**Student:** 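Before I ask anything, let me first share the structure, which is written out below as structure tokens.
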Amino acid sequence: MCSYYKYTDTDGTIVLYELDQEYYCIRAICITSSIILNTTFINETSNFFLPEGSFSEHLKELSVTTKDEFLNFWSISTSQYLNAWNRLKTKFQINQCLDSEIVCFYPQGVIVQYNEIFLVS
């Protein structure tokens, strides 16, 4: 079962976290006045990645939020890429070998760049 937390920075940036039972981050969303990013799409200019390590000793710095709030912002953050993602999933087969570069290595999997632009339509 997951728990949901929120961190609000002094500049107004909000980060929502979905944490597992040991308080490791599964997914995160960064909300600024100009953009909403999530940890499944790497924006190399933002330096926003999935946090490493357990939050167990840092929970006092966070406030509790709801699963509904997290999922609402998750939906917003992924909606602009949904069509492109669905096209990409039909282009490749499971277990197909690709020449690619690992951009980010998470315990849950990797994010790779394979020299093709991920276009948003």
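Just so you know, these numbers use all the heavy atoms, side chains as well, and skip hydrogens, waters and symmetry mates. From a predicted model like this one, the values you see are computed outputs, not experimental measurements.
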**Student:** When rounded to the nearest 0.5 angstrom, what is the spacing between CD in Glu61 and OG1 in Thr8?
**Tutor:** 12.5 Å
**Student:** Within the structure provided, determine whether Asn38 and Arg27 are in side-chain contact (heavy-atom separation under 4.5 Å).
**Tutor:** no
**Student:** Applying the 4.5 Å side-chain criterion to the ILVMFWY set and letting contacts propagate, would Tyr24 and Leu19 be lumped into a single cluster?
**Tutor:** no
**Student:** Flag the pair Phe55 / Tyr17 as yes when at least one side-chain heavy-atom distance between them is below 4.5 Å, and no otherwise.
**Tutor:** yes
**Student:** Indicate whether the side chain of Asp68 and that of Thr66 have a donor and an acceptor atom separated by less than 3.5 Å.
**Tutor:** no
**Student:** Atom CD of residue position Gln96 - does it have more than 12 heavy atoms of other residues, nucleotides or ligands inside 6.0 Å?
**Tutor:** yes
**Student:** Find out whether Ile76 and Ile29 are in side-chain contact, i.e. whether some heavy atom of one side chain is under 4.5 Å from a heavy atom of the other.
**Tutor:** no
**Student:** Just say parallel, tilted or perpendicular for the rings of Trp74 and Phe70, cut-offs at 30° and 60°.
**Tutor:** parallel
**Student:** Can you name the nearest heavy-atom pair linking Glu18 to Tyr4, along with the distance?
**Tutor:** OE2-OH, 2.8 Å
**Student:** To check you understand the geometry: which heavy-atom pair defines the closest contact between Asp20 and Ser3, and what is its length?
**Tutor:** O-OG, 4.4 Å
**Student:** Kindly compute the distance separating CG (Leu59) from OG (Ser54), expressed to the nearest 0.5 Å.
**Tutor:** 7.5 Å
**Student:** Name the residue from Ile36, Asn72, Leu37 that meets the side chain to side chain contact (heavy atoms under 4.5 Å, CB included) definition with Ser77.
**Tutor:** Ile36
**Student:** Is there a path of hydrophobic side-chain contacts, each under 4.5 Å between heavy atoms of I, L, V, M, F, W or Y residues, that connects Leu71 with Ile31?
**Tutor:** yes
**Student:** Run the numbers on Tyr5 and Val64 for side chain to side chain contact (heavy atoms under 4.5 Å, CB included), then give the verdict.
**Tutor:** CA-CA 4 Å; Tyr5 290 88; Val64 175; 3.7 Å; yes
**Student:** Looking only at non-hydrogen atoms, find the nearest pair between Tyr23 and Ser56 and report the distance.
**Tutor:** CB-N, 3.7 Å
